[in-house]
Each structure stands twice: as structure tokens, then as C-alpha cells.
Amino acid sequence: MTQDRPLLGIAFMTGFCILAPLGDSIAKILGDSIPLVQLLLVRFVAQVVLLWPIIWFTGLPVKMPRRLFWLMVLRTMLHIIGIGAMFTSLRYLPLADAVAIAFVMPFIMLLLGKFVLNEEVGPHRLMACLVGFIGTLLVIQPSFAAVGWPALLPLVVAVDFALFMLVTRKVAKEVDAMNLQAQSGVIATVLIGVVWLVLGPFGGEVLQAVSPTPYEWGLLAAIGILGTLAHLLMTWSLRFAPSATLAPMQYLEIPVATVIGFLIFKDLPNGLASLGISITIGAGLYVIFREQYLSRKVA
């Protein structure tokens, strides 16, 4: 077990919030030319290629408690689903809109606590959840009118990563982040490879294989590097700080995504979406800071 070091955890999460939108922007560029399963496979193969040599040369331990194996498999499956849903949504949505919709995640975590874990959730926080959902709907509405059901994919990402964060927090306390990401990369590569081999002959756009150009290979390598580094930083952050402490920092990802989206794609949220983003951020921060206030009060 590792003692909490909140400032170090916050620093790592800040790095994640910068690198993750950069990786998403590259996935958006490649979305129209590289099939989804091939994109995911290259993403996780790069994670394996990058991390295992480091573990080998540094002599880091690779063993983990057997009781954590199925949690690792669950975490990896959630990781694949979340990245796949996000990459797909970016084919249709502006980067900032997709990221903002996915930030309904803190409210989902709160509701999971109430209805699944039977945790006490007061009326103030439930009201903040309602306000946050309204803000999210304001972001979704113009996107849904423009592209239809893909506008709902970031909601899938939100539910998925709410579960992913909970599982990661559990595993990261006992497993080194480098080891965790390396083994997760192997599991993901095997799972995606099996799906591709079994279902590939049946066709379908997402299962096709293409020959990337040198430029696309460069972008694919960048996705692997940025994705691996980003999730290493996120895993390290959860190792050193609780989710409630890190959650406010995660909202930094929205303005970062907005700036990147404008610089690369010349996309900016429209007035309604901007209002929704502001409402979602405000409600989310209210929930987070109220949780921290109540925790200090009990203590």
C-alpha cells in the first residue's frame, strides 16, 4: 500500500489532462482513414512495446496478487470500451463537445454510490446531479440534432470511465503503475487480437485492415505514446491521491480540449454548448467541494 501524497497526485492528473486531449485530437484526425479495431490494436501494442523494455531493463517486479487478476481483466475491458467509444464519437463531434459530455462522469459516480453501494447522498448533491445533467443535455442537444446517436457515445464513455476509475483506484494501491499499464497492454492486445481474428472475416467497417501511409504511421505512433504516458500519469495520480481530491483537476481537460480543438480543427462550442459546459463544470465542482467539506466535517 502507498501513502497518499495529494500534491503529487494532482501534478500527475494535470499532466493527464494535457496529454489525453492531444491523443484524442490525433484519433479524430485518423478516424476517417483507420478502422476502429486497428486503431485500438496499434494503441495497445504501442503500450506494450514502450513499457515492457523499461520494466525489463529496470528490473521492476512484474508479479501481482492473484486475487487482482480478474480486476485487471475488468479494468482492461473497461479501458478498451471507453477508448473505443471516445474514438468513435470523435468522428462525429467536436473535441471539446465530446470531452464535455463525458464529464457527466462525476455525477454518475455519485449516483452509483447511492443506488449501487447504498451510500448516503443528500438533497444538495442530488440537486447538483440534476443541474449537471441539464448542462450536459445542453451540450448534447445541438450535437444530437447535427449527427444523431453518436452524440450519445460520450455518455457511454462517462459510465465506462466512472467504473474504470473505481477499479483503477483499487488496483493502483497495490500494483506499480508501470507494471499495471504494461500488463494491461498485453491483456488488451490479446483481447483485441482475438476479436479481430475471430470476427474479421465477417467484414464490417470497424474490423477492416488498411495499410497506413508513413504520415498515418507517425500519427498512430503518437497516439500510442501519448495514450500510454497519459494513462501512466492517471494511474500514478490515483496511486497517490483519492478520486475526490483529483476530480476537480480533471475539469482542466475541458478548456485544454477547447484550445486544441480550435488550434487544430477550428472548432469552438456554440453558445448553447458553451452554456451547458459552464453549467456542467459548475455543478461538478459543487458536488466535489461539498464532498470534501462533508469529509472534513465528519473528521
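Under the 4.5 Å side-chain heavy-atom criterion for Ile, Leu, Val, Met, Phe, Trp and Tyr, Ile264 and Tyr215 are members of the same hydrophobic cluster. Criterion: ILVMFWY side-chain heavy atoms under 4.5 Å apart, direct or through other members. Under it, Ile83 and Val186 are part of a common hydrophobic cluster. One hydrophobic cluster, built from ILVMFWY side chains closer than 4.5 Å, holds both Trp196 and Val194. In terms of hydrophobic clustering, with Ile, Leu, Val, Met, Phe, Trp and Tyr side chains grouped at heavy-atom distances under 4.5 Å, Trp70 and Ile187 are assigned to a common cluster. Under the 4.5 Å side-chain heavy-atom criterion for Ile, Leu, Val, Met, Phe, Trp and Tyr, Val175 and Trp56 are members of distinct hydrophobic clusters.
Summarising the geometry of Phe16 relative to Pro21, their closest heavy-atom pair is O-CD, 4.1 Å, with the distance given to 0.1 Å.
Using a 4.5 Å heavy-atom cutoff, the side chains of Ser184 and Arg75 are in contact. Side-chain contact between Val42 and Ile223: absent, with no pair of heavy atoms (C-beta onward) separated by less than 4.5 Å. In this structure, the side chains of Phe262 and Val259 stay at 4.5 Å or more apart for every pair of heavy atoms. Side chains of Ser33 and Val210 form no contact here, defined as non-hydrogen atoms less than 4.5 Å apart.
Thr168 OG1 to Phe161 CZ: the interatomic distance, rounded to the nearest 0.5 Å, is 8.5 Å. How far CD1 of Ile34 is from CG of Leu219: 9.0 Å, rounded to the nearest 0.5 Å. In this structure, Leu19 CG and Leu226 CG are separated by 6.0 Å, a value rounded to the nearest 0.5 Å. Going from atom CG of Leu93 over to atom CD1 of Ile101 covers 5.5 Å, rounded to the nearest 0.5 Å. The CG atom of Leu30 sits 10.0 Å away from the OG atom of Ser25 when rounded to the nearest 0.5 Å.
Between Phe164 and His231, the ring planes lie perpendicular to each other; the angle is over 60°, past the 30° to 60° tilted range.
Remark: side-chain polar atoms of Glu216 are paired, donor with acceptor, to backbone N or O of Thr213 under 3.5 angstrom. Using modelled atom types, no side-chain atom of Gln47 and backbone atom of Gly227 make a donor-acceptor pair closer than 3.5 Å.
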### Query
Stepwise, does the side-chain contact (heavy atoms from CB on, under 4.5 Å) test hold for Leu51 with Leu232?
CA-CA 10 Å; Leu51 296 183; Leu232 266 178; 3.8 Å; yes
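Within a 6.0 Å radius of CE in Met77, other residues, nucleotides and ligands contribute 12 heavy atoms or fewer.
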